[in-house]
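Computation of the quantities below employed the complete heavy-atom set of this structure, encompassing side-chain atoms and omitting hydrogens, waters and symmetry-equivalent molecules.
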Amino acid sequence: MSRIILGLLALAPMTGYDLKRHFDSTVGHFWSADKAQIYRTLARLVVEGYAEVETVAGSGAPDRQEHRITAAGQAALAAWLASEPERQVERDPFLARVFFGAGLDGDGLRSLFAQRRVAIQAQLTRFARMRAETEAPDRGARLKLATLDNGIAHLRTELVWLDTVEREIT
């Protein structure tokens, strides 16, 4: 989580609120974070010297606590980017339900798969909208767009998988 926040701060100085908005609108298709996690991580990054905070006077609004990445933070981000990718253990409640799905009757299984299909279609619609609104004029933008394309490919693959599993069990 801290490296994701450093990456976002490398794009521009941000408040905790700004970071939450960026999580939701940019990296949310592959990394989620709640507000409390973001603020805890920001505080730790400041203590570790990877970020600094500046109070920016608000014009007609409360002051903002804007966080900036430091040189040490840039170095930590660069080291992380160059390191071997670590595999995160996934927790997927849907797959847990499928694993134990023998306890459901046919209608229950069909309902489970139908609910998942609806959720995937909604995500695909949201991702397609994001894709249509995103330009990729340079390498950095193209790499950001590549992560969205990955999310779209995974969702499409899951739809095919759902069809296959449902055919096999019904």
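- Separation of atoms CG (Leu112) and CG (Asp107) is listed at 12.5 Å; rounding is to 0.5 Å.
- Atoms CD and CZ, from Gln74 and Arg68 in turn, are 12.5 Å apart once rounded to the nearest 0.5 Å.
- In terms of heavy atoms, Ala141 sits closest to Ala136 at CB-CA, 3.8 Å.
- Annotation for His67 and Gln65: closest pair ND1-O, 3.3 Å, computed over non-hydrogen atoms.
- Residues Asp18 and Thr15 have side chains that bring a donor and an acceptor to within less than 3.5 angstrom of each other.
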* List the steps, then state whether side-chain contact (heavy atoms from CB on, under 4.5 Å) holds for Gln121 with Leu124. => CA-CA 5 Å; Gln121 290 294 352; Leu124 274 172; 4.1 Å; yes
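- Side chains of Thr164 and Glu168: a donor-acceptor N/O pair is absent below 3.5 angstrom, by distance only.
- With respect to Asp149 and Arg142, a salt bridge is recorded, a charged nitrogen being found less than 4.0 Å from a carboxylate O.
- We find the CZ-CD1 distance between Phe94 and Ile120 to be 7.0 Å, quoted to the nearest 0.5 Å.
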- Query: Is there a side-chain hydrogen bond (donor to acceptor under 3.5 Å, both in side chains) between Ser111 and Gln115 once you walk through the steps?
  - Reply: CA-CA 6 Å; Ser111 175; Gln115 290 172 30; 3.1 Å; yes
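- Looking at Thr70, its side chain does come within 3.5 Å of a backbone N or O of Gly49 through a donor-acceptor pair.
- You'll find the side chain of Val47 stays beyond 4.5 Å of the side chain of Arg44, heavy atoms only.
- Residues Ile152 and Trp161 fall within the same hydrophobic cluster, defined by Ile, Leu, Val, Met, Phe, Trp and Tyr side chains chained together at heavy-atom separations under 4.5 Å.
- Electrostatic pairing of Asp24 and Lys20 counts as a salt bridge here, judged by a charged N lying under 4.0 Å from a carboxylate O.
- Summarising the geometry, atom OG1 belonging to Thr26 is positioned 7.0 Å from atom CE belonging to Met130; distances are rounded to the nearest 0.5 Å.
- Listed by first then second residue, pairs satisfying side-chain hydrogen bond (donor to acceptor under 3.5 Å, both in side chains) with a partner in residues 2-13 number zero, not counting sequence neighbours.
- Within a 6.0 Å radius of CZ in Arg97, other residues, nucleotides and ligands contribute 12 heavy atoms or fewer.
- Remark: Lys144 NZ to Leu148 CG distance equals 13.0 Å, nearest 0.5 Å.
- The local environment of CD in Glu54 is crowded, with over 12 non-hydrogen atoms from other residues, nucleotides or ligands closer than 6.0 Å.
- Remark: side-chain polar atoms of Glu166 are not paired, donor with acceptor, to backbone N or O of Asp163 under 3.5 angstrom.
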Check the pair Thr157 / His154 against side-chain contact (heavy atoms from CB on, under 4.5 Å), numbers first and verdict last.
CA-CA 5 Å; Thr157 299; His154 278 269; 5.6 Å; no
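- Hydrophobic side-chain contacts under 4.5 Å tie Ile69 into a cluster, directly or through other members, with Met1, Ile4, Ile5, Leu6, Leu8, Leu9, Leu11, Met14, Leu19, Phe23, Val27, Phe30, Trp31, Ile38, Leu42, Leu45, Tyr50, Leu77, Trp80, Leu81.
- Expressed to the nearest 0.5 Å, how far OH of Tyr17 lies from OH of Tyr39 amounts to 9.5 Å.
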